[in-house]
There are 2 protein chains.
Amino acid sequence: MENVTIRMLAERLQLSTATISKALSNSHEISEETKQRVLALAAELNYVPNPYASSLRKKSSHTIAVVIPEVADSFFAEAINGIESVAQDKGYHVLIYLTHESFMKEQAILKDFQSGRVDGVLISVTTETTAAAHGLAQLAKEIPLVFFDRVCEEVTAARITTDDTIAAYNATSHLIAGGCRHIGLLSASRQLSISNRRAEGFQQALAAHQLPLTAASVLHCSNDPVATQQVLQTALQQHHYDGLIATTEKLATAVYQACEALSLNIPGDIQVIGFSNLSTARFLHPSLTTVSQPAFDMGKAAATLLFRALKSSSFPLNEQQQVIPSSLIVRNSTKAH
Amino acid sequence: MENVTIRMLAERLQLSTATISKALSNSHEISEETKQRVLALAAELNYVPNPYASSLRKKSSHTIAVVIPEVADSFFAEAINGIESVAQDKGYHVLIYLTHESFMKEQAILKDFQSGRVDGVLISVTTETTAAAHGLAQLAKEIPLVFFDRVCEEVTAARITTDDTIAAYNATSHLIAGGCRHIGLLSASRQLSISNRRAEGFQQALAAHQLPLTAASVLHCSNDPVATQQVLQTALQQHHYDGLIATTEKLATAVYQACEALSLNIPGDIQVIGFSNLSTARFLHPSLTTVSQPAFDMGKAAATLLFRALKSSSFPLNEQQQVIPSSLIVRNSTKAH
DNA sequence: CTGAAAGCGCTAACAG
DNA sequence: CTGTTAGCGCTTTCAG
C-alpha cells in the first residue's frame with residue numbers, strides 16, 4: 001500500500017492540496033465543515049504527514065539534538081530524561097549523539113548540524129574538547145545551542161551548570177573535617193572547565209585549611225578504564241592518601257575497585273567522595289558519600305531554555321546562564337557528619 | 001550567511017546541478033577532474049548537504065529508530081552503545097525514543113514511523129504492550145523492524161533475545177542449591193514475553209526440585225517505585241521468603257532497599273539474585289549475584305541484522321532469530337558456589 | 001473561504 | 001562525460 005499524501009486527500013475530497021494543508025494545520029482560513037471532512041478522511045486513510053517534505057519547505061524540523069559523551073552514565077541518562085520530558089511536551093523529536101569522549105567525533109557531529117537537520121542543540125562536551133578553532137562558536141551563532149554541565153567557557157552560548165567550585169570546596173572540607181590531611185582529587189580532564197572548577201574548589205578548600213597542594217594532589221585519569229585502574233593503584237601505593245574525591249561516576253567505581261585490589265579499607269584507610277548520581281550509591285559497600293548533581297533538572301532547564309529560543313527568536317539565548325546547586329549526600333565512605 | 005546549496009556550487013563552476021550531485025556522490029559518470037573541482041569548492045564553501053531534501057527525494061533517511069522504555073538502565077544504555085557502534089560504522093543516524101513503559105506513547109511513536117521518518121526500527125517493548133491489534137505487526141510489514149530483548153512473540157519479526165528460560169532456571173537452581181525453599185520471583189509484567197519466559201524457567205526449576213509453586217511464588221510489581229516498595233515490603237513480611245529473584249535491574253535495587261528497611265540480612269535471612277547489568281553489582285553490600293545479559297552484543301546483533309535488511313531487500317529479516325546467552329555471576333548475595 | 005502556482009534542495013531518468 | 005527536465009510532498013504567497 002502506498003503512503004497516503006495530501007494530494008490523495010485532495011483528490012478524494014475534490015479540494016486543493018493547499019486547502020488540505022491548511023485544514024490539517026487548523027488554519028483559521030478554513031471553514032469548520034471542511035476541516036471536519038479533511039480530518040475525518042485523514043483519520044480514515046491513516047494519513048501521516050511526511051516530515052521531510054515539511055522540513056524541507058519550512059526549514060525547520062521539530063527535532064533537537066542532544067550531544068553527550070556517553071549514555072551509560074547516570075548523570076547523562078537522567079539528563080536525557082529531563083530533556084525528553086520537555087521535548088515530548090512540545091512535540092519535538094530528540095536525536096541523541098554519542099561522542100564517546102572523542103573530539104573528532106564531536107566535530108563531525110557538529111558539522112552535520114549545519115545542514116539544518118536539527119532546530120537546536122543541547123551539548124555536554126567531551127573531555128578532549130578545547131575551545132580553540134572549534135566549530136562550536138560558529139554553530140552557536142547559527143542555531144540555538146545550550147551547554148549543559150560540561151560547558152565550553154570560551155564560547156558565548158547559554159549554559160546550565162551546577163555549582164562545581166562550591167561542590168568541590170564542600171566535598172574537600174567534608175573530608176578535612178573527617179580528619180583527612182592527604183587528599184587526592186581524581187580529575188577526568190585537563191581542559192574541561194568543570195574539571196578545572198572542581199580543582200579550584202578543591203584547592204581553595206585546601207588553602208583555607210592550610211593544607212599543602214602537592215604534585216600528587218591532583219591526579220589526571222584517562223578515559224580508558226584499564227589505564228585508569230593502573231594509574232590509580234600506582235598512585236595509591238606511592239602516596240598515602242587518606243582521602244579521595246572522584247570527580248566522575250566512572251572514577252568513583254574505579255576507586256572502589258582499586259581499594260579492593262589493594263585491600264585498602266574505606267573509610268578506615270581512606271575516605272572517598274564521588275561526584276555521582278548512581279542510584280546504587282547507598283547500597284555500595286560502604287555506602288558512598290556523593291556530590292549528587294541535579295541531572296534531571298539540568299536537562300529540563302537546558303531544554304526549556306532552548307525551546308524559549310525556538311519559540312521567539314528575540315530571546316537572548318546566548319546570555320542565559322543558570323547554576324543549579326548540587327548536594328553533598330553524606331554516607332559511610334567518609335567519617336564526618 | 002545563507003546555506004550553501006548544490007545550485008550555488010553549480011553556478012560558480014558553470015556546471016549543472018546534476019553534475020554536482022553526481023560528483024559529490026562520487027559517481028563513475030563524472031570525470032576525475034570535475035570531481036576534484038567540485039570537491040574543492042564544496043570544501044572551500046563548507047557545503048553541507050540538506051538531509052531533508054535528499055531524504056524526500058530518495059525516500060530514505062539514513063536514520064534508524066531505537067525505541068526503548070528507559071535509558072537510565074544499564075541494560076538499555078549498553079544496548080544503545082552496541083547499536084551505535086554499528087550505526088556509526090555505517091554512517092547512519094540514531095533516533096532514540098523513550099516510552100517510559102507507556103503503551104500509549106509507544107503507539108504514538110510507532111505511528112509516526114509510517115511517515116518514512118526512519119529506514120528501520122529496533123524496539124524493546126513496554127511492560128504494558130500487548131500483542132493484540134497493535135501497530136507493531138503492521139509496521140513490521142512496512143519497514144524493517146527488529147525486536148531486541150523484550151519481544152512481542154505474536155508478531156512475525158526478527159528477534160534478538162537472551163536465554164531467559166534457561167537463565168531463570170539456572171538462577172532458581174542456584175538458590176535451591178544454596179538451601180532456599182521458599183523462593184519468590186519478582187516480575188515486572190504479566191504480558192511481557194520475557195517475563196513469562198523467566199517465570200517458566202523459575203517454575204520448571206521448582207518442579208524439578210519438587211518444590212511447590214504457590215500464590216506467593218510470583219510477585220507482580222508495577223513501574224512505580226513507591227508502589228513496588230510497598231508491595232515488596234508487605235510480601236516480605238507476610239511470606240517468609242528465603243530467596244528472591246529480581247527480574248529487572250530496578251527490582252534488584254528495590255529488594256536491597258526493602259531488606260534494609262525490614263532489617264533483613266542478605267544472604268543470611270534471604271538470598272538474592274538480580275537480572276542486572278549494573279557495573280556496581282560487585283561493589284554492593286553484599287555484592288549481588290546477577291544474571292548478566294549481553295546487552296552490548298544484543299544491541300550490536302540487532303543493528304547488524306537491521307542493516308543487512310537495509311542493504312538487501314531480499315534478506316528474509318522476519319525469519320531471523322538469535323538467542324545470545326546470559327551468564328550467572330555468583331557473588332555474595334547467595335550462598336551456593 | 002478556497003485554489004493556482006511556485007519552490008524548498010536534491011536526485012534520477014533520459015538525452016545528447 | 002555533462003545537461004535537461006521532472007518531481008519527491010508539503011507550505012505559502014497571492015488571487016479570486
Side-chain angles (χ1 to χ4, degrees), chain A residues 1-39 41-42 45-63 91 93 112-119 143, chain B residues 1-39 41-42 45-63 93 112-119:
Chain A
M1 186 187 92
E2 273 311 297
N3 257 335
V4 185
T5 68
I6 244 178
R7 225 180 81 199
M8 294 161 87
L9 299 180
E11 280 165 7
R12 286 267 234 136
L13 294 175
Q14 299 285 48
L15 288 169
S16 73
T17 59
T19 304
I20 305 290
S21 174
K22 288 172 190 163
L24 289 172
S25 59
N26 198 21
S27 159
H28 58 273
E29 319 178 23
I30 303 294
S31 74
E32 259 322 305
E33 195 214 325
T34 307
K35 280 185 192 171
Q36 292 313 320
R37 285 175 61 214
V38 172
L39 258 27
L41 185 64
L45 300 187
N46 193 28
Y47 166 76
V48 184
N50 181 314
Y52 296 125
S54 161
S55 296
L56 177 58
R57 182 62 232 241
K58 294 203 296 189
K59 292 178 171 302
S60 90
S61 58
H62 250 64
T63 303
H93 291 255
D112 182 61
F113 293 161
Q114 302 193 336
S115 68
R117 180 185 294 277
V118 294
D119 296 348
I143 66 174
Chain B
M1 185 187 92
E2 273 311 297
N3 257 334
V4 185
T5 69
I6 243 178
R7 226 181 78 199
M8 295 160 91
L9 299 180
E11 280 165 8
R12 287 268 231 132
L13 293 175
Q14 299 287 47
L15 288 170
S16 73
T17 60
T19 303
I20 304 290
S21 174
K22 287 175 193 162
L24 289 171
S25 60
N26 198 20
S27 160
H28 58 274
E29 325 179 17
I30 304 294
S31 73
E32 260 320 305
E33 196 213 323
T34 307
K35 280 185 193 170
Q36 291 313 320
R37 286 175 60 213
V38 171
L39 258 27
L41 186 65
L45 300 186
N46 194 26
Y47 166 77
V48 184
N50 182 314
Y52 296 126
S54 163
S55 295
L56 177 58
R57 181 64 234 237
K58 293 203 296 188
K59 292 180 170 301
S60 92
S61 58
H62 249 64
T63 303
H93 292 255
D112 182 61
F113 293 161
Q114 301 193 338
S115 68
R117 181 185 294 278
V118 295
D119 296 348

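Just so we're on the same page: letters track the sequence lines, and every chain starts at 1.
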task = Run through B:T17, B:N50, B:T19, B:V38 and flag the one making a side-chain contact (heavy atoms from CB on, under 4.5 Å) with B:I6.
result =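 Only match with B:I6 under side-chain contact (heavy atoms from CB on, under 4.5 Å): B:T17.
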
Which whole-number value in Å describes the distance from [X] [atom1] to [N] [atom2]?
X      : N      : atom1 : atom2 : answer
B:R57  : C:dC10 : CZ    : C1'   : 8 Å
B:K58  : D:dG7  : NZ    : C1'   : 16 Å
A:R117 : C:dC10 : CZ    : P     : 13 Å
A:K59  : C:dG7  : NZ    : P     : 14 Å
B:R37  : D:dT2  : CZ    : C1'   : 12 Å
A:E33  : C:dT2  : CD    : C1'   : 13 Å
B:I6   : D:dG7  : CD1   : P     : 19 Å
B:R7   : C:dG7  : CZ    : P     : 9 Å

task = Ignoring hydrogens and angles, tell me if any N or O in the side chain of B:S61 forms a donor-acceptor pair with the backbone of B:R117 under 3.5 Å.
result =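 Confirmed, B:S61 side chain pairs with B:R117 backbone.
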
task = Name the residue closer to the 5' end of DNA chain D, choosing between A:E29 and A:L24 according to the nucleotide with the nearest heavy atom.
result = A:L24

request  = Calculate, to the nearest 0.5 Å, the distance between atoms OG and CG belonging to B:S21 and B:L15 respectively.
outcome  = 12.5 Å

remark   = Output for pair (B:S115 OG, B:F113 CZ), nearest 0.5 Å, gives 8.5 Å

[X] to [Y] - nearest heavy-atom pair and separation:
X     : Y      : result
B:V48 : A:D112 : CG1-O, 4.3 Å
B:S60 : B:D119 : CA-OD1, 3.4 Å
B:V4  : B:Y47  : O-CD1, 3.4 Å

task = Walk me through it: do B:L45 and B:M8 pass the test side-chain contact (heavy atoms from CB on, under 4.5 Å)?
result = CA-CA 10 Å; B:L45 300 186; B:M8 295 160 91; 5.6 Å; no

request  = Ignoring backbone atoms, test whether A:Y47 places a side-chain nitrogen or oxygen under 4.0 Å from the OP1 or OP2 oxygen of D:dC10.
outcome  =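 Checking A:Y47 against D:dC10: at least one side-chain N or O falls below 4.0 Å of OP1 or OP2.
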
query = Think A:T34 has a side-chain N or O under 4.0 angstrom from the OP1 or OP2 of C:dT2?
reply =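 For C:dT2, OP1 or OP2 has a side-chain N or O of A:T34 closer than 4.0 Å.
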
task = Mind running a 4.0 Å heavy-atom check of residues 11-22 of chain A against DNA chain C and sending the residues that fall below it, in number order?
result =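 Of all residues in residues 11-22 of chain A, the ones placing a heavy atom under 4.0 Å from DNA chain C are A:Q14, A:L15, A:S16, A:A18, A:T19, A:K22.
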
task = Quick one: label B:L56 by what it contacts on the DNA or RNA (base, sugar-phosphate, nothing), any heavy atom closer than 4.0 Å.
result = base

message = Five pairs per end, C1' atoms only: what is the angle between the end axes of the helix from C:dC1-D:dG16 to C:dG16-D:dC1, to 10 degrees?
response =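 That helix gives 40° between its end axes.
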
ask   = Is any side-chain heavy atom of B:R12 less than 4.5 Å from a side-chain heavy atom of B:L41?
value = yes

